[in-house]
Amino acid sequence: MTTRTLTFREAFNEAIRLEMRRDPTVILMGEDIAGGAMTHLEAKGEEAWGGDLGLTKGLVQEFGRSRVRDTPISESAFIGAAVGAASTGLRPIAELMFVDFFGVCFDQIYNQGAKLRYMFGGKAKVPMVVETLIGGGFRAAGQHSQCLYSIFTHIPGLKTVVPSTPYNAKGLMSGAIRDDDPVIYFVHKVLLDTSGPVPEDNYVIPLGKAEVARQGKDATVVAIGRMRLFALEAAQELAKDGIDVEVVDPQSLSPLDESTILESVKKTHRLVVVDEDNPLCSMASEIISLAARNAFGYLDSAPQAVTAPHTPVPFSPALEDVYIPSPAKIVEAVRAVLA
Amino acid sequence: MTTRTLTFREAFNEAIRLEMRRDPTVILMGEDIAGGAMTHLEAKGEEAWGGDLGLTKGLVQEFGRSRVRDTPISESAFIGAAVGAASTGLRPIAELMFVDFFGVCFDQIYNQGAKLRYMFGGKAKVPMVVETLIGGGFRAAGQHSQCLYSIFTHIPGLKTVVPSTPYNAKGLMSGAIRDDDPVIYFVHKVLLDTSGPVPEDNYVIPLGKAEVARQGKDATVVAIGRMRLFALEAAQELAKDGIDVEVVDPQSLSPLDESTILESVKKTHRLVVVDEDNPLCSMASEIISLAARNAFGYLDSAPQAVTAPHTPVPFSPALEDVYIPSPAKIVEAVRAVLA
Amino acid sequence: MAEMTKDRLLWIYERMRLIREFEDRAAQLFAEGKIPGFVHLYAGEEAIGVGVCANLTDRDFITSTHRGHGHCIAKGVDPKEMMAELYGKATGSCHGKGGSMHIADVDRGMLGANGIIGAGGPLACGSGLMAKIKGTDQVTVCFFGDGAAEQGTMHESMNLAAIWKLPVVFLCENNGYAQTTPAHYHCAAKDISDRATAYNIPGFSVDGTDVFAVYEAVSEAVARARRGEGPTLIECKGFRYYGHFQGDNMSYFTEEEKAQNRARDPIDAFRKRVLERGLLSEKELADIDARAKQTIDEAVAFAEQSPYPAPEAVLTDVYVSYA
Amino acid sequence: MAEMTKDRLLWIYERMRLIREFEDRAAQLFAEGKIPGFVHLYAGEEAIGVGVCANLTDRDFITSTHRGHGHCIAKGVDPKEMMAELYGKATGSCHGKGGSMHIADVDRGMLGANGIIGAGGPLACGSGLMAKIKGTDQVTVCFFGDGAAEQGTMHESMNLAAIWKLPVVFLCENNGYAQTTPAHYHCAAKDISDRATAYNIPGFSVDGTDVFAVYEAVSEAVARARRGEGPTLIECKGFRYYGHFQGDNMSYFTEEEKAQNRARDPIDAFRKRVLERGLLSEKELADIDARAKQTIDEAVAFAEQSPYPAPEAVLTDVYVSYA
Ligand SMILES: Cc1ncc(C[n+]2csc(CCOP(=O)(O)OP(=O)(O)O)c2C)c(N)n1
Ligand SMILES: Cc1ncc(C[n+]2csc(CCOP(=O)(O)OP(=O)(O)O)c2C)c(N)n1
Ligand SMILES: [Mg+2]
Ligand SMILES: [Mg+2]
């Protein structure tokens with residue numbers, strides 16, 4: 001299979017394109033993903049933006065306005081419509097522009113999409129994907145920079161994936177679209193312009209599989225989404241001092257690949273979890289609790305969490321740069337678990 | 001001070017009544033809390049229900065329809081109105097009938113109420129209380145039986161309290177109403193008819209203070225809300241075998257009284273956390289992570305979590321009784337951490 | 001009503017009687033402590049659910065509410081499975097996992113009772129969107145209450161259905177109350193159907209105790225939906241006999257009001273009309289009464305005799321697969 | 001407009017010029033990379049914010065949107081602090097923690113720009129409720145866009161304000177687009193003001209480029225609110241000159257449309273009118289132009305020279321107290 005270098009944005013877009021070609025029941029809905037009703041643009045075979053950050057660019061031209069739909073600013077209505085359509089025969093993808101907006105529509109995701117199957121005694125299936133932007137770094141302030149995936153992971157009936165590279169962005173999206181359960185797919189804004197090798201053909205990364213991004217023997221660093229990149233930077237830094245870090249990227253948070261994480265901890269006996277989300281009831285706490293409950297005897301030191309503080313995301317670059325976990329803080333934490 | 005035996009419901013109601021007498025800026029809003037616009041009832045000095053489970057009974061008669069308001073089924077509007085009123089000079093209490101409904105109005109709680117102060121650089125104050133029903137046991141099924149307090153605890157800017165007895169129900173409500181930050185007050189349905197001693201006068205239990213509900217030396221059981229009662233039952237059971245359990249009730253989840261929990265763990269060297277909420281990214285995981293990070297050297301065995309499974313709440317009594325953590329499961333977990 | 005066949009008249013009467021019988025029995029069983037949880041009864045509103053569903057095929061969809069028993073029976077869900085579900089038995093429509101507030105039968109187009117007010121609006125847009133994209137002629141009726149009309153989801157759903165011309169009928173069951181709160185308090189609009197103006201769609205109010213009026217209004221709206229012309233908002237004004245849920249003392253009802261309601265009984269009204277016009281005979285109606293009673297007797301017996309789900313069932317049906 | 005004093009005319013012109021100057025400068029500074037984040041400019045809509053706030057005192061409230069600079073200036077927020085906030089400096093309105101989307105000045109009744117569409121509706125009900133319960137005569141104006149009109153919160157808020165007769169004016173700024181999506185696509189209603197029918201309140205649409213028309217419509221609505229008669233819905237139809245946010249290529253605007261917009265410039269229209277009628281002189285207007293430019297020059301200098309917040313500031317202002 002030929003492999004090219006693509007940006008994360010291109011890889012994400014390609015996965016949706018290939019799945020929409022493969023399966024006519026896959027549709028896409030969201031705000032400004034198709035460019036309104038702009039006849040002058042349609043005439044030119046263009047859309048306005050293809051989504052705020054261009055994730056869906058070009059899809060309306062190939063698949064048309066029936067399968068690729070602009071929505072009003074009515075997240076409850078169109079995400080709920082995705083649930084209703086999924087339980088009656090389509091495989092909708094709904095774009096929740098920024099995850100920060102989940103507060104206006106969460107009922108349709110967590111009480112409807114996530115629970116219909118269980119409440120109906122298994123007599124419904126809700127194959128849908130909600131893809132949404134997360135994370136800081138854009139100076140977008142408190143209501144456009146959150147992660148919040150811990151909240152979705154808390155909910156039984158939802159699956160959650162957090163890609164970190166162009167390669168897994170594509171494979172996890174194909175996996176999410178083909179999955180028969182509702183999947184929330186979290187895209188970190190800052191990753192969109194990162195690039196890497198991506199095979200041309202349509203491949204699937206199964207949900208629930210972690211990736212060991214770097215083999216190491218001295219300490220395990222579990223790093224989610226963009227934090228994987230920072231963890232790898234930190235590992236390089238530490239390698240200079242002969243400290244050999246293993247970096248595990250969960251890729252899916254629910255289901256979580258517990259065995260890969262636990263095996264690594266049992267091998268290295270030290271654990272640091274890096275999570276850009278706020279700390280309380282977070283994925284970081286979940287993974288540390290997982291290790292404490294299931295690998296207690298293997299741990300040689302107290303695990304450490306490197307997370308954002310328990311505060312909203314500040315606007316000022318001077319503050320946001322302090323807010324987001326950094327390679328330096330990861331280095332510090334690894335040294336601490338090794339001390 | 002004279003002390004009477006009151007039900008949890010009465011104690012809760014009394015706290016609001018005393019605070020509304022004390023401070024004319026305290027108001028109350030919610031669905032069916034005052035009895036609609038029922039002139040024939042008003043004539044009789046009655047309201048219809050005083051809230052679905054009677055929590056606010058009698059308040060409209062004493063304080064009138066201006067300060068005690070029925071709302072339409074518009075949670076975003078009236079909880080958001082509480083935020084707006086709080087930031088302009090009132091101290092509103094809003095009843096979110098069941099916490100399960102937070103999905104239709106969470107934005108006003110978590111992006112507005114919780115963040116205004118921070119986003120405005122400290123130039124706003126949002127003194128409000130959202131009181132809401134949680135928990136299983138009523139055969140109310142998947143959309144009327146959840147706990148979800150871990151989600152609110154995750155959010156910076158919110159405070160969360162989970163009372164467990166008539167005594168702390170009253171004191172924590174007074175504390176919540178006088179607090180200058182937004183407080184979410186979670187009431188477990190099944191506790192409403194439990195009774196206990198409650199002082200007549202108006203007292204405050206400060207947020208952020210845990211209570212050691214039972215002193216013990218062999219193992220620490222941290223139990224939230226209704227689970228405190230089950231933990232005490234389990235402790236009695238274990239005492240028969242000479243196992244001396246310490247039961248810690250956090251009372252507040254955010255702020256969490258970390259030192260009381262850690263001191264107990266450092267004393268007993270064993271930890272079980274009991275939480276009726278779902279397990280992933282839960283308070284149970286948070287508290288286990290807290291101990292693993294800060295009392296690692298003191299732990300003699302792997303901590304255990306006793307929680308609901310990662311499933312929605314089932315309707316059938318035959319299933320719900322299996323779903324909810326039980327004293328028996330707590331006993332089992334304590335034996336496990338002592339094994 | 002001229003064009004209504006006798007079979008349809010018989011079907012309508014049977015469904016209304018089945019609902020009434022089911023609900024009266026459920027009230028009893030709840031009082032006896034045999035049915036747990038929150039139970040919201042439909043008695044008094046039979047003409048709405050039945051008048052609506054008389055216009056639908058098995059392939060059409062409905063989204064329902066917390067007060068869903070009547071919608072289920074009108075849409076053809078098996079009363080046996082329904083009653084077993086109320087008991088929390090393994091043989092129930094949802095194998096005991098959902099209970100009264102979540103009875104569903106997706107294969108029969110019943111997309112579920114719902115515990116969340118206003119949640120059916122978006123779901124109805126979804127089945128409507130499916131039909132539109134696949135090019136089928138399936139219509140979805142979204143039942144919602146007067147109280148639900150104040151929930152933001154209903155506003156968003158009616159606007160979305162209107163701009164996308166989705167084959168959806170928004171059917172507001174205005175029984176005068178949201179729990180204890182009267183519609184004239186919680187709703188600013190004169191008539192809830194006035195809100196059609198906000199979406200530039202047809203909207204009208206009809207007598208929800210007159211099954212013929214409901215039937216006619218809905219048949220027009222369903223035809224419009226099938227023609228691809230988009231949604232309609234219909235408000236049916238009626239009442240409920242029982243409390244909001246079982247256990248409600250109903251102190252907010254005046255005696256006058258209760259008397260007025262009894263005088264407007266939708267089943268009595270139907271009987272009077274078909275007998276006066278000689279469309280059905282006393283005997284035909286009596287046979288249906290007997291059959292309905294027997295069906296519900298059997299449903300209760302079935303529920304009583306059915307086993308509870310096995311404890312392990314707590315863990316199943318959360319996901320199709322969970323690696 | 002007859003009854004408008006000269007001082008008011010001068011105030012209106014000055015505010016409109018200040019907004020235009022602020023926005024044009026912000027656009028430049030963003031292009032130069034000096035202002036980070038999402039910046040939504042108000043240029044073209046000056047007549048709305050200013051025509052509205054000309055009816056308000058410092059004690060009245062407004063809730064704003066993501067496009068809030070114009071509302072802030074019209075309500076009297078200091079442009080220095082605003083510009084410093086856009087830079088993320090410690091001297092900003094929010095000490096650099098909020099940025100463009102969260103500028104607020106609660107003491108001056110500006111309850112905050114808001115990053116969440118439709119979030120201002122409920123907040124406006126809240127300040128309105130406070131005024132009603134405390135018995136003050138304070139009015140709240142809730143600004144929201146055409147796109148926000150499709151958010152459930154606006155429906156809930158208008159209904160709540162109507163049944164409680166809250167002193168709130170719902171002011172829809174219909175600039176024709178929600179990001180790239182035209183109002184004629186996302187909105188089913190003919191006019192957004194038609195939605196007043198849904199709440200049985202007065203509603204009308206006015207030309208949002210005519211500050212006098214906006215002023216008059218709002219003064220009537222504010223008077224009604226102060227009389228305790230409840231809310232009004234006013235739709236102001238206008239346009240924006242810049243893209244949705246800075247960086248937007250605006251490919252969805254046709255050249256014709258841009259030309260039409262330029263021909264409707266609200267500031268030019270005001271100048272033409274007051275000069276024709278001899279209400280203000282070229283000199284008076286020129287003085288204001290100069291002052292406005294100077295004020296913004298000073299604001300930029302202030303922002304440039306101000307320090308960034310100290311790193312520790314990340315942790316403060318989350319709670320009043322956190323034991
Ligand atoms: C979002 C939400 N808010 C509140 C409730 C609690 N609740 C259940 S039924 C009900 C009243 C519904 O009134 P209406 O829509 O008129 O239906 P009716 O009961 O009259 O059939 C309320 C407030 C809920 N289930 N969901
Ligand atoms: C709940 C929510 N959904 C989506 C967005 C993203 N968003 C920001 S501005 C905007 C368009 C708003 O349009 P309109 O209300 O007309 O205001 P305008 O930008 O035209 O002033 C959208 C969709 C948001 N901020 N909040
Ligand atoms: Mg009703
Ligand atoms: Mg707009």
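Residue numbers start from 1 in every chain, and the chains themselves are labelled A, B, ... in the order their sequence lines are given, proteins ahead of strands. Computed from heavy atoms alone, side chains included, the values below leave out hydrogens, waters and symmetry copies. Only a predicted model underlies this, so the values are computations on that prediction, with no experimental measurement involved.
- Legend: residues meeting ring-ring contact (aromatic ring centres under 6.0 Å, His included) with C:F143, ordered by chain and number and at least two apart, are C:H71.
- Interface check for chain B: of the options C:M250, C:H244, C:K97, the most heavy-atom pairs under 4.5 Å are formed by C:K97.
- Residues satisfying the side-chain hydrogen bond (donor to acceptor under 3.5 Å, both in side chains) test with C:S193, not counting sequence neighbours, are C:S205.
- In this structure, the ring of C:F245 has its center less than 6.0 angstrom from the ring center of B:W49.
- Proximity of C:H186 to B:I73: side-chain heavy atoms (C-beta onward) are nowhere separated by under 4.5 Å.
- Contacts between residues 115-126 of chain C and chain B, defined by a heavy-atom separation under 4.5 Å, are made by C:G115, C:I116, C:I117.
- Ring geometry for B:H310 versus C:Y319: interplanar angle under 30°, hence parallel rather than tilted (30 to 60°).
- When heavy atoms are compared at a cutoff of 4.5 Å, C:I35 does not approach chain B at all.
- Only the side chain of B:L41 comes within contact range of chain C, with heavy atoms under 4.5 Å apart.
- Remark: C:Y308 engages no residue in a ring-ring contact (aromatic ring centres under 6.0 Å, His included) (not counting sequence neighbours).
- With a 4.5 Å cut-off on non-hydrogen atoms, C:D317 does not touch chain B at all.
- With contacts defined as side-chain heavy-atom distances shorter than 4.5 Å, the pair B:H144/C:M101 qualifies.
- Within the 4.5 angstrom heavy-atom criterion, no atom of C:A149 approaches chain B.
- Among B:P72, B:G103, B:G142, the residue with the largest count of heavy-atom pairs under 4.5 Å with chain C is B:P72.
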Show your reasoning for whether side chain to side chain contact (heavy atoms under 4.5 Å, CB included) applies to B:V322 and C:E312. CA-CA 9 Å; B:V322 180; C:E312 311 80 68; over 6 Å; no
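- At a threshold of 4.5 Å between non-hydrogen side-chain atoms, the residues B:E31 and C:T181 do not count as touching.
- For the set C:G92, C:P311, C:P309, the count of heavy-atom pairs under 4.5 angstrom toward chain B peaks at C:P309.
- Aromatic ring centroids of C:Y252 and B:H40 lie 6.0 Å or more apart.
- Of the possible donor and acceptor atoms, none in the side chain of B:D32 sits under 3.5 Å from a partner among the backbone N and O of C:Q179.
- Note that CZ of B:F315 is 11.0 Å distant from CZ of C:F38, once rounded to the nearest 0.5 Å.
- Contact annotation for B:T311: both backbone and side-chain heavy atoms come within less than 4.5 Å of a heavy atom of chain C.
- Looking at C:A148, the atoms closer than 4.5 Å to chain B (heavy atoms on both sides) all sit in the backbone: N, CA, C or O.
- Under the 3.5 Å distance criterion, the side-chain polar atoms of C:E150 are left unmatched by any main-chain donor or acceptor of B:S74.
- Ranked by heavy-atom pairs shorter than 4.5 Å toward chain B, the options C:T254, C:V314, C:L315, C:N114 are led by C:V314.
- The heavy-atom pair separating C:A313 from B:L319 by the smallest distance is CB-CD2, 4.0 Å.
- Annotation for C:K258: atom NZ counts as buried by contact number, over 12 foreign heavy atoms lying within 6.0 Å.
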